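See structure below.
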Amino acid sequence: MNVVAAAGPALAAATDNPAADFSDTPWWLSLIKALFLFVFLLLNTLIVIWFERRVIGRMQQRPGPNRTGPFGLLQTLADGVKLALKEDLIPRRADRLMFILAPIIAGAMAFVSFAIIPLSGNVWMFGHYTPLQLTDTPVATLLVLAVAGVGVYGIVLAGWASGSTYPLLGGLRSSAQVISYEIAMGLALVAVFLYAGSMSTSQIVLAQKSLWYCIPAFFSFGVYIITMVGETNRLPFDLAEGEGELTGGFHTEYSSLKFAMFFLGEYVNMFTVSALATTLFLGGWQAPPGIAAIGGGMFNGGWWGLLWFVIKLWAFMFFFVWLRGSLPRVRYDQFMRLGWKVLIPSTLLWVVAVAFLRAANNGFLGDTMIFGGRMHRSTLFVIVVIVLLVLAAAWIYDYKAAAKEKIDRSPPTEVDPFAGGHPVPPLPGQTLREPAPALTPAAPHPDATSDKEDSRG
Amino acid sequence: MKLGGAEATLFFFAAPLAVIGALTLLFARKAVHAAMGMALTMVLLGVFYIAEQAEFLGIIQIFVYSGAVMMLFLFVIMLVGVDSSDSLVETIKGQRVAGLLLSLAVMVSLLVSVAKVGFGAAVGLAGPNSNPGNVSGIANLIFGPYVWAFEVTSALLITAALGAMLLAHRERLLPKASQAEWSRSRIREGVNVAGLPAPGVFARHNAVDTPALLPDGSTSELSVSRVLKARGQVEKPTTYAEVAAEIESESGDMSKKEVGDQR
């Protein structure tokens with residue numbers, strides 16, 4: 001808990017402006033960086049599709065694609081060429097303009113967010129000392145959320161423009177899904193902003209010099225992991241294209257290059273959310289703790305940063321594949337309940353707790369120091385209050401669960417086999433209550449028949 | 001006022017697009033096209049704000065208006081299914097003339113007041129952007145001199161949200177029956193114990209619009225959704241049986257023939 005309280009900007013930032021310095025970056029170098037990012041993402045997408053199929057193959061005890069090229073590495077390329085050469089269909093009842101526009105929006109928007117991801121610190125490129133990052137703004141992290149919000153238009157429009165029922169349902173689900181999970185995601189990021197004191201990605205990475213934010217902001221990290229799966233429409237949250245219920249969801253009517261755009265967009269989106277998770281919670285391009293100390297930080301910066309960044313990025317990609325290989329799809333109402341009734345309220349509480357911690361740690365709630373000047377008294381007070389509240393909530397939950405358990409739900413020892421009108425066999429250990437009128441001999445009394453009818457129900 | 005080279009290029013490319021988006025909103029025949037035109041204008045407004053160094057404002061404009069508000073609009077349009085077949089009949093007599101006059105009056109008053117506005121020399125945001133920073137600068141204003149207005153606005157918004165929930169909410173008299181409870185009640189009543197009959201005549205055709213056949217050859221009304229029935233889209237099961245019989249009579253009964261590669 002002390003770690004949670006003490007984490008903060010490692011370097012005293014005067015403003016919330018980006019730490020990355022672009023003063024030595026001519027415009028052609030920015031173009032080169034943009035091209036580099038584009039190629040980087042395309043190559044990574046090619047590899048990750050192969051990677052996904054191989055890993056899931058291993059998980060299901062089969063080899064996966066291994067024929068085309070060494071280890072089957074060229075399989076995705078072959079599939080891509082085949083996909084591009086397929087017939088391009090547009091349904092008769094489709095809205096042509098929107099039908100063509102939708103995959104373009106989905107594909108193009110996926111690439112935009114990567115512009116603000118710092119792949120490394122400053123490096124020498126063509127005689128200029130420049131950050132390995134296309135651009136940075138004071139609101140860089142919000143830009144990712146905004147671009148994701150615009151990217152959903154692609155999916156929603158695809159659903160509507162197809163002019164058929166399954167895509168429409170898929171598009172509707174997708175829009176509801178992304179809107180509700182973006183709220184939880186934004187709230188989870190607020191804790192990181194509070195710790196770093198900035199929304200600029202380069203500033204956030206530098207602020208994690210001593211401690212990665214996945215530890216002090218552990219709750220946000222968990223919520224972000226869940227919401228990033230929901231946001232990218234991946235299993236177990238791929239309800240917008242659930243094959244079992246919606247055929248192909250929003251892309252049912254798409255084929256050829258238009259479908260390829262959606263496919264590409266989905267994988268690039270996975271890279272974007274993983275890169276954001278790396279940047280915000282795993283220290284971005286900074287070397288892992290042990291390696292960062294070697295030789296006075298010789299591996300912690302420059303082109304080495306790209307290596308650490310890619311390793312962390314691919315760890316998240318493996319996580320995505322792992323999820324897909326092991327979890328079944330959730331039901332839509334369960335998914336929505338998780339988002340609105342669990343994630344959003346609990347993240348709100350967490351953000352309030354972090355805000356109090358940060359305020360106490362910055363001396364806003366009184367500046368009396370304790371433990372020899374190592375901690376504010378108000379910080380200790382806030383921590384104690386939070387712990388007490390969490391304990392009280394846990395106790396109430398436990399008490400209610402125990403009360404629920406106390407209610408006797410064991411089946412009765414004696415059962416009437418004809419109670420509901422259908423013959424029901426007894427459970428093990430149950431005895432039958434014999435239907436009494438059946439044992440009595442038929443009496444000549446005129447009411448006897450109606451009695452029998454009653455007992456049968 | 002002078003524009004920089006890049007800024008001018010951006011403006012002269014994006015401004016016509018923004019105007020086209022706004023005009024689409026007015027003149028598009030389909031509601032979805034109009035909504036998309038509006039979304040385009042919103043995004044481009046955000047881009048302009050960013051170009052004017054108001055980065056936070058620009059991103060929030062895109063995030064909130066294009067990402068959330070327009071998406072909800074689109075959601076409703078798609079759900080309700082608004083088409084170009086909007087009724088052109090006047091429900092209130094003379095409403096079109098009154099609407100035209102009113103909008104003309106609003107336009108004139110707006111034009112007059114806009115024409116009166118005079119601008120001083122542009123200051124730019126370079127100063128506040130470098131010293132407290134863009135986001136901190138806005139935060140200092142919102143939670144400093146304008147905190148009262150900000151809090152009152154948020155109270156208004158929360159009231160509006162609560163009001164919307166109150167109006168749209170329907171009180172449930174009984175708890176919603178779960179799947180298990182439905183099953184239990186079916187058993188108790190003894191009617192359709194295994195659920196309603198599934199649509200389709202198996203081995204011939206199993207689409208949802210084809211009613212199931214009962215043992216005596218008649219169709220089961222229960223097997224087809226009542227929505228399809230109301231729309232008159234229920235298919236006759238005999239259609240497919242006739243087609244199949246025709247094909248079989250031409251090519252012989254396939255089911256009894258030995259097929260070559262069947263081992």
Side-chain angles (χ1 to χ4, degrees), chain A residues 13-18 27 95 97-98 101-102 105 109 116 135-153 155-157 159-161 165 167-169 171-176 178-180 182-183 186 193 197-200 203 331 333 419-422 424 457, chain B residues 5-6 24 28-33 35-36 39-40 42-43 46-47 49-50 53-79 81 84 128-139 176 179 184-185 187-190 193 208:
Chain A
T15 71
D16 54 31
N17 282 340
W27 62 270
D95 184 308
L97 174 67
M98 291 298 162
L101 198 63
I105 294 178
M109 279 303 146
I116 53 92
T135 183
D136 199 1
T137 76
V139 286
T141 317
L142 287 187
L143 182 105
V144 177
L145 293 181
V147 169
V150 176
V152 194
Y153 276 106
I155 294 179
V156 175
L157 283 180
W160 177 79
T165 312
L168 183 67
L169 287 174
L172 282 176
R173 276 187 180 190
S174 166
S175 58
V178 174
I179 288 174
S180 44
E182 212 161 64
I183 298 172
F193 301 155
S198 171
M199 288 189 270
S200 131
Q203 186 84 264
R331 223 168 59 200
D333 60 327
H422 294 277
V424 179
Chain B
T24 312
R29 297 189 72 89
K30 285 185 178 165
V32 171
H33 290 182
M36 282 312 291
L40 178 71
M42 294 286 187
V43 170
V47 171
Y49 290 151
I50 296 171
Q53 295 177 312
E55 278 133 346
F56 184 75
L57 190 61
I59 291 291
I60 291 298
Q61 163 85 20
I62 296 177
F63 190 23
V64 174
Y65 282 98
S66 323
V69 174
M70 282 317 294
M71 189 55 79
L72 281 180
F73 265 65
L74 208 58
F75 196 89
V76 171
I77 289 171
M78 282 162 61
L79 260 185
S84 53
N129 270 1
S130 62
N131 189 12
N134 188 281
V135 184
S136 305
I138 288 182
K176 194 180 177 193
Q179 217 168 347
R184 247 174 251 134
S185 78
I187 300 272
R188 210 175 300 127
E189 282 151 22
V193 175
V208 283

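From a predicted model like this one, the values you see are computed outputs, not experimental measurements.
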Report which part of [X] has an atom under 4.5 Å of a heavy atom belonging to chain A: side chain, backbone, both, or neither.
X: B/I59; result: both
X: B/M36; result: side chain
X: B/V43; result: side chain
X: B/I50; result: neither

Do you know which of [options] has the most heavy-atom pairs with chain B at a distance under 4.5 angstrom?
options: A/L172, A/L142, A/L143; answer: A/L172
options: A/L157, A/T137, A/L168; answer: A/L157
options: A/L97, A/V156, A/V147; answer: A/V156

* Given the options B/L72, B/V135, B/I62, B/N134, which has more heavy-atom pairs under 4.5 Å with chain A than any of the others? ->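 That would be B/V135.
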Using every non-hydrogen atom in the two residues, find where [X] and [Y] come nearest and quote the distance to one decimal.
X: A/A140; Y: A/I116; answer: O-CD1, 3.7 Å
X: B/S66; Y: A/Y153; answer: O-OH, 2.5 Å
X: A/S198; Y: A/Q203; answer: CB-CG, 3.3 Å
X: B/M71; Y: A/G149; answer: CE-O, 4.0 Å

* Can you tell me if OH on B/Y65 sees more than 12 non-hydrogen neighbours from other groups inside 6.0 Å? ->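 Check fails, neighbour count at 12 or below.
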* Is there a side-chain contact between B/H33 and A/D95, using heavy atoms and a 4.5 Å cut-off? ->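 Yes. Closest side-chain heavy atoms under 4.5 Å.
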* Asked: How long is the gap from CE on A/M199 to CZ on B/F56, to the nearest 0.5 Å?
  ->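 With rounding to 0.5 Å, CE (A/M199) is 5.0 Å from CZ (B/F56).
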* Asked: Given a strict heavy-atom distance threshold of 4.5 Å, which part of A/A148 is in contact with chain B: side chain, backbone, both, or neither?
  -> neither
